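Structure first, then comments.
Because the structure is predicted, anything quoted here is derived from the model rather than measured.
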Amino acid sequence: MSERDDQEREFDLRWAESAEHKEPSARARMLAARWKHNPPGPVPFRADPEHVTRRRSSWVSTAVVLGCVAAVIVLLGYINFRAPY
């Protein structure tokens, strides 16, 4: 019985996907109606950045992370060293 259901479902999917016309989504219909009377202006693919900052190189970021890890290890060692007193 399950094989028959699978075959019917597959047939339904093939039939639905082979339809000549697919109805647009509600958002597409809304935008088409809005743009019919008031079309949008041209928009650049990417906006130009207002200010360009230099990116840090990867080794600087790695050094900062390793420095923070070393500082935490030293701090935890100092706390454990001072704890017994």
Side-chain angles (χ1 to χ4, degrees):
M1 193 75 169
S2 65
E3 290 179 20
R4 184 174 179 209
D5 292 339
D6 289 341
Q7 289 175 353
E8 287 179 9
R9 183 178 304 138
E10 186 175 334
F11 173 74
D12 289 342
L13 290 176
R14 274 187 275 144
W15 175 79
E17 289 174 355
S18 67
E20 291 183 21
H21 176 73
K22 293 185 179 180
E23 184 176 336
S25 66
R27 178 164 175 76
R29 290 192 308 265
M30 178 196 67
L31 290 174
R34 182 185 301 169
W35 292 345
K36 182 185 278 187
H37 300 292
N38 186 15
V43 177
F45 178 70
R46 287 193 177 152
D48 293 331
E50 294 179 10
H51 54 83
V52 177
T53 57
R54 289 187 45 171
R55 292 185 56 179
R56 289 187 293 194
S57 63
S58 63
W59 68 269
V60 172
S61 298
T62 303
V64 168
V65 170
L66 291 177
C68 291
V69 169
V72 168
I73 291 172
V74 168
L75 179 65
L76 291 175
Y78 179 74
I79 290 172
N80 286 336
F81 181 74
R82 302 264 308 163
Y85 295 115

Worksheet item: If you round to the nearest 0.5 Å, how far is CG of L75 from SG of C68?
Response: 12.0 Å
Item to complete: Using a cut-off of 6.0 Å, state whether more than 12 heavy atoms not belonging to R34 lie near its atom CZ.
Response: no
Practice prompt. Determine whether L66 and I73 fall in the same hydrophobic cluster, where Ile, Leu, Val, Met, Phe, Trp and Tyr are linked whenever their side-chain heavy atoms lie under 4.5 Å apart.
Written response: no
